[in-house]
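The structure appears below as structure tokens.
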Amino acid sequence: MSFKFDISAGEFFELIRPAVLVLSALASIWVLISARRNRFGNYIAMGWALGTLFFPLITLPLYLIGRLIRQRNEHLHDGAGSRKTFSSLPAPRWRVVIPLAYAGVVLASTGFFLYWDHQGVDSHLARAAQTKLSGKRSGTIAEYRAALKLEDDSHTRKLLAMELAETGDWTEALFELRTAEQGGETDDLIPFYIAALLDSLNLPNQAALEYQRFLETRVCTQPLPDERCAKASGRVQAAQSATGR
């Protein structure tokens, strides 16, 4: 028995989000150091750094442009203006202490957030998608179960049922599919999946009822029905013939 689903854009984002957060934190620390070396004021440098931390794709290009403009302006001035700028530089000790303190706070906060987020539902679903792509079905099932412990979601139950069916655990998969349907899962293919599982469990009469229910969904009543509708129709007709209807 083979079921298929694709990784969603949301799940893909969850996979790359930790890397994005770490890169944003490192870019923010670099911007603070760079801004202070280029003689931006402390508050301005901190503003650039925080902006890069929360909005890296917007703030980082703007900072690079601003730094380039500042460097060009400095090359156009010399003498008293330059001496005044250099005389306003912070003491050497603060050049090191402030960036180090900022780096410590940002990295610690990022690490804490990633640890907390790692335990969330979305992270479990993202890891389930990742392990599925790598072919580790047992890991996928474990992640779906962990997500369901945190949030009982009908769609997650359907995905879990798909994986259980692939492992041959048809009874458990059937239970999860029925629970997903009762919980409000709107996938019109669920009756077909249930029927296929009942066939696998050698319950043809019950399977025929589910195939009939599937034939009444939008998947089969639309102008161009799904190819699975033909199989369902054939199974219903076979069941009716077997019972002498």
Worksheet, complete the sentence: Taken in chain and number order and not counting sequence neighbours, the residues that satisfy side-chain contact (heavy atoms from CB on, under 4.5 Å) with Leu53 are Ala25, Ser28, Tyr102, Val106
Discussion item. Are Ile44 and Leu62 linked, directly or through intermediate hydrophobic residues, by side-chain heavy-atom contacts shorter than 4.5 Å (ILVMFWY only)?
Written reply: yes
Worksheet item: In Å and rounded to the nearest 0.5 Å, what is the CG to OG distance from Leu21 to Ser109?
Response: 12.0 Å
Item to complete: Using a 4.5 Å cut-off on heavy atoms from C-beta on, say whether the side chain of Arg178 contacts that of Leu174.
Response: yes
Worksheet item: Quick one: side-chain contact (heavy atoms from CB on, under 4.5 Å) partners of Thr59, sequence neighbours excluded?
Response: Trp48, Thr52, Phe55
Worksheet item: When rounded to the nearest 0.5 angstrom, what distance separates CG in Leu197 from OG1 in Thr171?
Response: 9.0 Å
Fill in: Hydrophobic cluster membership, Phe112 vs Leu50, 4.5 Å side-chain cutoff
no
Discussion item. Does any part of the side chain of Tyr144, heavy atoms only, come nearer than 4.5 Å to the side chain of Glu163, both counted from C-beta?
Written reply: yes
Worksheet entry | Side-chain heavy-atom pair Val219, Pro225 within 4.5 angstrom cut-off | no
Fill in: Minimum side-chain heavy-atom gap Phe175-Trp170 below 4.5 Å
no
Worksheet item: Is Glu210 close to Gln206 at the side-chain level, that is, under 4.5 Å between some pair of heavy atoms?
Response: no
Worksheet item: Would you call the rings of Phe214 and Phe192 parallel, tilted or perpendicular if under 30° counts as parallel and over 60° as perpendicular?
Response: tilted
Practice prompt. For Thr167, check side-chain contact (heavy atoms from CB on, under 4.5 Å) against everything at least two apart and list the hits.
Written response: Arg137, Ile141, Asp169
Response to the item:
Between the CZ atom in Arg235 and the CD atom in Gln212, the distance rounded to the nearest 0.5 Å is 12.0 Å
Item to complete: Please check if any side-chain donor atom of Tyr193 sits under 3.5 Å from a side-chain acceptor atom of Asp187, or the reverse.
Response: no
Worksheet item: Which heavy-atom pair separates Gly184 from Ser154 by the least distance, and what is that distance?
Response: C-OG, 4.0 Å
Discussion item. For a side-chain contact (heavy atoms from CB on, under 4.5 Å) check, start with the C-alpha distance between Leu107 and Ile29, then their side-chain angles and the critical distance, and finish with the verdict.
Written reply: CA-CA 9 Å; Leu107 292 177; Ile29 296 169; 3.9 Å; yes
Worksheet item: Which heavy-atom pair separates Asp153 from Thr156 by the least distance, and what is that distance?
Response: OD2-N, 2.9 Å
Item to complete: Grab the two heavy atoms, one from Arg213 and one from Thr217, that are nearest each other, plus how far apart they are.
Response: O-CG2, 3.4 Å
Worksheet entry | Spacing of Asp226 atom CG and Thr221 atom OG1 [to the nearest 0.5 Å] | 11.5 Å
Worksheet item: Got Pro191 and Glu181 here, is their nearest side-chain heavy-atom distance under 4.5 Å?
Response: yes
Discussion item. I'd like to know if Phe113 and Phe54 are part of one continuous hydrophobic network [Ile/Leu/Val/Met/Phe/Trp/Tyr, side-chain heavy atoms within less than 4.5 Å].
Written reply: yes
Practice prompt. Under the side-chain contact (heavy atoms from CB on, under 4.5 Å) rule, collect the residues that match up with Val121, sequence neighbours excluded.
Written response: Leu125, Ala147, Leu150, Glu151
Worksheet entry | Co-membership, hydrophobic cluster, residues Ile58 and Val31, 4.5 Å side-chain | yes
Worksheet item: Where is the tightest heavy-atom contact between Leu215 and Ala232, given as atom of each residue plus distance?
Response: CD2-CB, 3.9 Å
Worksheet item: With sequence neighbours left out, what residues match Asp152 under salt bridge (charged side-chain N to carboxylate O under 4.0 Å, His left out)?
Response: Arg157
Fill in: Salt-bridge present (Lys132, Glu166; N to O < 4.0 Å)
no
Discussion item. Let me confirm one number: the NZ-CD distance from Lys158 to Glu185, rounded to the nearest 0.5 Å.
Written reply: 4.5 Å
Discussion item. Quick check against the 3.5 Å criterion: does Ser233 have a side-chain atom that pairs as donor or acceptor with the backbone of Cys229?
Written reply: no
Fill in: Any donor-acceptor N/O pair, Arg70 side chain to Arg39 backbone, under 3.5 Å
yes
Practice prompt. Kindly state each residue pair satisfying salt bridge (charged side-chain N to carboxylate O under 4.0 Å, His left out) with at least one member in residues 52-66, sequence neighbours excluded.
Written response: none
Worksheet item: For the atom pair CH2 (Trp30) and CG (Leu60), what is the distance rounded to the nearest 0.5 Å?
Response: 6.5 Å
Worksheet item: Ser34 versus Tyr63: any side-chain heavy-atom pair under 4.5 Å?
Response: yes
Worksheet item: Do Asn205 and Leu209 touch side chain to side chain, with heavy atoms closer than 4.5 Å?
Response: no
Fill in: Leu177 to Ala161 - nearest heavy-atom pair and separation
CG-CB, 3.6 Å
Worksheet item: Counting N and O atoms only, with roles assigned by atom type, does the side chain of Glu143 sit under 3.5 Å from a partner on the main chain of Thr140, one being a donor and the other an acceptor?
Response: no
Worksheet item: If every non-hydrogen atom of Pro18 is compared with every non-hydrogen atom of Leu114, which pair is closest and at what distance?
Response: CA-CD2, 3.8 Å
